[in-house]
Amino acid sequence: MKDLKNIFLYERLLDDVDNELVRQAQADGRKCVGNICFQTPEVLMDLPGTFTVRLRAPRSGSFDMATYYMTSFLCEFSRALLERAIEGGFECLDCLLVPDGCTMINRCVENMELLNTMPKDGFFYQYLEVPMKDDDNALNLYVSECRKKILGALTENFGIDTSDAALRTAVENYNKVCRIINEIGDYRKEDNPRITGYEFHLITMASHVCPKDLLLPYLEETLEDLKTREPDENPPYRARVAVVGSEVDDIDMIKLIEDSGALVVADRYCYGSLPGRMEIPLNDEEDVLTQICRHYMHTSQCPRQMNLEKVNGRKDYVAQIAKEYKADGIIYEQMKFCDPWAYERVTGSFDLREKHGYPVLTIDRPYVVGSSGQLRTRVQAFVESVEIKKLQGGK
């Protein structure tokens, strides 16, 4: 296939947290709000006068300094972020809002604060308590925390308008980006998709780390380009897979899978579009913040939510998207030492294999996969097993 319009721009935007669109927005006087997790609703940080950037540490090498403060038994994602903060890689941020998503991220951000890694005057941190269940009591807690520690903090520190009207505008702008990404993502359902998983990963990742209003024109151009793009007649893929699991912001991870013969057609992982780029519906009867929080709480597929309906629902959701995107198999990945996803990977892979009948490859991986020969070999072997299963009539 010919190169997709703006694909090299998306690659460039992912080279550094302080990318060209971040610098453009800050030159216009807007505040850069850092976030790490889906549990802090990003739409609440994309208000008039602010924009949000989800933290990552591209091109990470050694984690020696972070390991000194955090030990080698914590996940490499948390250590990579601390290492990058110590190096000065997040100095574009004006504040950092984080949930108690897991103890490792908490330790990471606490060390950022203790080591005074953010030099800007007026920089502040907020730690949110977020629910571990999906019910009315949890929603009340969630709304209270977001009202005080996101909206209240932005108003108090930066004078940001957090009225219902401002929130509705933020949701409208957020939904525009989601609609385009979903329309682009729908092309992955084609029998011979006109977009690769790597390309779609770049697009989705860019939407997490750039001011959405500045990125929107490029997304619109990419969508128009896709409408007339012709797929290869003989694509180099031998199987379609859904990738499921913990945080994936390393663009080489998806590239390695596809170079091994598996086309990634669905992205149910942290930083992915399912469900991270679902539109937020609003009505005119309820408080806007309550509706936003309910959306994030109900759509969350995070394993830290422990009520039985969510536990079972996560497996059914993966099976649903695997069917919808015509996946031949599922790759269940987990960052090494990520406790929540370690348990989820075991139970999820069993359910999807035994209950739903999908071939499943489970892997634990480093934050930066590079050109890992071991991982490449495992994916290649999985692709071959899927092909054999097809030849044997699904047995």
Query raised in the report: Going by an N to O cut-off under 4.0 Å, is there a salt bridge joining R229 and D225?
Result: no

Query raised in the report: If two hydrophobic side chains count as joined below 4.5 Å and joins carry through other members, does I280 share a cluster with L215?
Result: no

Query raised in the report: Hey, mind stepping through D100 and R304 against salt bridge (Lys or Arg N to Asp or Glu O under 4.0 Å) and telling me if it holds?
Result: CA-CA 10 Å; D100 58 348; R304 70 186 302 281; 3.7 Å; yes

Query raised in the report: So, R56 side chain and L14 main chain: donor-acceptor pair closer than 3.5 Å or not?
Result: yes

Query raised in the report: Which atom names give the shortest non-hydrogen contact between S246 and E333, and what distance separates them?
Result: O-OE2, 2.7 Å

Query - Full working for side-chain contact (heavy atoms from CB on, under 4.5 Å) between R365 and V248 - result: CA-CA 10 Å; R365 61 177 186 84; V248 179; 3.4 Å; yes

Query raised in the report: Could you go step by step and tell me if V243 and Y332 meet the side-chain contact (heavy atoms from CB on, under 4.5 Å) rule?
Result: CA-CA 6 Å; V243 177; Y332 236 112; over 6 Å; no

Report task. Check whether any side-chain heavy atom of M118 sits under 4.5 Å from a side-chain heavy atom of E91, and report yes or no. Result -> no

**Report entry** Pair D134, H298: side-chain N/O donor-acceptor within cut-off below 3.5 Å
**Finding:** yes

Query raised in the report: Does the pair I203 and L4 meet the rule for a side-chain contact (heavy atoms from CB on, under 4.5 Å), with working shown?
Result: CA-CA 11 Å; I203 292 167; L4 192 60; 4.2 Å; yes

**Report entry** Test log, rule side-chain contact (heavy atoms from CB on, under 4.5 Å), inputs L9 and E20
**Finding:** CA-CA 10 Å; L9 168 68; E20 58 197 77; 3.8 Å; yes

Query raised in the report: Just by distance, do the side chain of N19 and the backbone of V22 share a donor-acceptor pair under 3.5 Å?
Result: yes

Query raised in the report: Can you check whether L361 reaches I330 side chain to side chain, under 4.5 Å on heavy atoms?
Result: no

Report summary line: Those residues at least two apart in sequence (or on a different chain) that pass salt bridge (charged side-chain N to carboxylate O under 4.0 Å, His left out) with E11 are none

Requested in this report: Check for a donor-acceptor pair, side chain of E145 on one end and backbone N or O of L128 on the other, with a separation under 3.5 Å.
Outcome: no

Query - 4.5 Å side-chain heavy-atom contact, C146 and Y142 - result: yes

Report summary line: Residues joined to L141 in its hydrophobic cluster, side chain to side chain under 4.5 Å directly or through other members, sorted by chain and number, are none

**Report entry** Approximate separation, where rounding is to 0.5 Å, of Y69 OH and N111 CG
**Finding:** 8.0 Å

Query raised in the report: So, H201 versus Y10, ring centres under 6.0 angstrom or not?
Result: no

Query raised in the report: Taking a hydrophobic cluster as the set of Ile, Leu, Val, Met, Phe, Trp and Tyr residues connected by side-chain heavy atoms closer than 4.5 Å, whether directly or through intermediates, do V288 and L44 fall within one such cluster?
Result: yes

Requested in this report: Output yes when a side-chain donor or acceptor of K326 lies under 3.5 Å from a complementary backbone atom of K189, and no otherwise.
Outcome: yes

Query raised in the report: Is K212 salt-bridged to E42, going by a charged N under 4.0 Å from an acidic O?
Result: yes

Query raised in the report: Does the side chain of R277 pick up a donor-acceptor pair with the side chain of T204 at under 3.5 Å?
Result: no

Query raised in the report: With no hydrogens and no angle check, is any side-chain donor or acceptor of T117 less than 3.5 Å from a backbone partner on M112?
Result: yes

Report task. Of all the heavy-atom pairs spanning Q291 and P281, show the shortest one and how long it is. Result -> OE1-O, 4.0 Å

Report task. Taking the side chain as every heavy atom from C-beta outward, state whether Y367 and D249 have any pair of such atoms under 4.5 Å apart. Result -> yes

**Report entry** Results of salt bridge (charged side-chain N to carboxylate O under 4.0 Å, His left out) for E190 - residues two or more places apart only
**Finding:** R194

Query raised in the report: With no hydrogens and no angle check, do the side chains of N6 and E221 hold a donor and an acceptor under 3.5 Å apart?
Result: yes

Requested in this report: For K323, look at atom NZ and say whether over 12 heavy atoms of other residues, nucleotides or ligands are found less than 6.0 Å away.
Outcome: no

Query raised in the report: In terms of side-chain geometry, is the basic nitrogen of D267 or R188 positioned less than 4.0 Å from the acidic oxygen of its partner?
Result: yes

Query raised in the report: Within the distance-only criterion (no hydrogens, no angle test), does the side chain of T290 pair as donor or acceptor with the backbone N or O of E286 below 3.5 angstrom?
Result: no

Requested in this report: Report yes or no: is the cationic atom of R84 (NZ for Lys, CZ for Arg) closer than 6.0 Å to the six-membered ring centre of F90, at no more than 45° off its axis?
Outcome: no

Query raised in the report: Salt bridge check: are K149 and E129 linked by an N-O gap of less than 4.0 Å?
Result: no

Query raised in the report: Is K120 salt-bridged to D94, cutoff N-O under 4.0 Å?
Result: yes

Report task. Would you tell me whether S349 and T362 have side-chain atoms, one donor and one acceptor, within less than 3.5 Å of each other? Result -> no

Query - T67 backbone acceptor or donor facing T71 side chain under 3.5 Å - result: no

Report task. Look at the rings of F123 and Y125 and say which category their plane angle falls in: under 30° parallel, 30 to 60° tilted, over 60° perpendicular. Result -> perpendicular

Requested in this report: Please answer: with hydrophobic residues joined when any side-chain heavy atoms are less than 4.5 Å apart, are L55 and M45 in the same cluster?
Outcome: no

Report summary line: Sorted by chain and residue number, the ring-ring contact (aromatic ring centres under 6.0 Å, His included) partners of Y317 (sequence neighbours excluded) come out as none

Query raised in the report: Are any non-hydrogen side-chain atoms of S300 and Q39 less than 4.5 angstrom apart?
Result: yes

Query - Short N-O contact, E110 and R107, less than 4.0 angstrom - result: yes

**Report entry** Y358 vs R353 side-chain heavy atoms within contact, under 4.5 Å
**Finding:** no

Query raised in the report: Going by an N to O cut-off under 4.0 Å, is there a salt bridge joining D252 and K255?
Result: no

Query raised in the report: Is the side chain of D328 donor-acceptor paired with the backbone N or O of R240 at a distance under 3.5 Å, no angle test?
Result: yes

Query - Geometric class of the F124/F158 ring pair [parallel <30°, tilted 30-60°, perpendicular >60°] - result: tilted

Query raised in the report: If we only count heavy atoms from C-beta on, is the F350 to V360 side-chain gap below 4.5 Å?
Result: no

Report summary line: Sorted by chain and residue number, the side-chain contact (heavy atoms from CB on, under 4.5 Å) partners of K176 (sequence neighbours excluded) come out as E172, N173, R179, L216

Query raised in the report: Quick one: are V318 and D316 in side-chain contact, heavy atoms under 4.5 Å?
Result: no

Just distance, no hydrogens or angles: give the donor-acceptor pairs under 3.5 Å from side chains in residues 28-36, sequence neighbours left out.
from: R30; atom 1: NH1; to: D213; atom 2: OD1; distance (Å): 3.4
from: R30; atom 1: NH1; to: D213; atom 2: OD2; distance (Å): 3.1
from: R30; atom 1: NH2; to: D213; atom 2: OD1; distance (Å): 3.1
from: N35; atom 1: ND2; to: T52; atom 2: OG1; distance (Å): 2.6

Query - More than 12 heavy atoms of other groups within 6.0 Å of D136 CG - result: no

Query raised in the report: Is M278 reachable from L223 through a run of hydrophobic residues whose side-chain heavy atoms are each under 4.5 Å from the next?
Result: no

Query raised in the report: Do Y325 and Q320 have a side chain donor and acceptor closer than 3.5 Å?
Result: no

Query raised in the report: Is a side-chain donor or acceptor of R345 paired with a backbone partner of G245 at a separation under 3.5 angstrom?
Result: no

Requested in this report: Could you tell me whether a side-chain N or O of S78 sits under 3.5 Å from a main-chain N or O of I105, the two making a donor and an acceptor?
Outcome: no

Report task. Could you tell me whether the side chains of R314 and Q301 share a donor-acceptor contact shorter than 3.5 Å? Result -> no

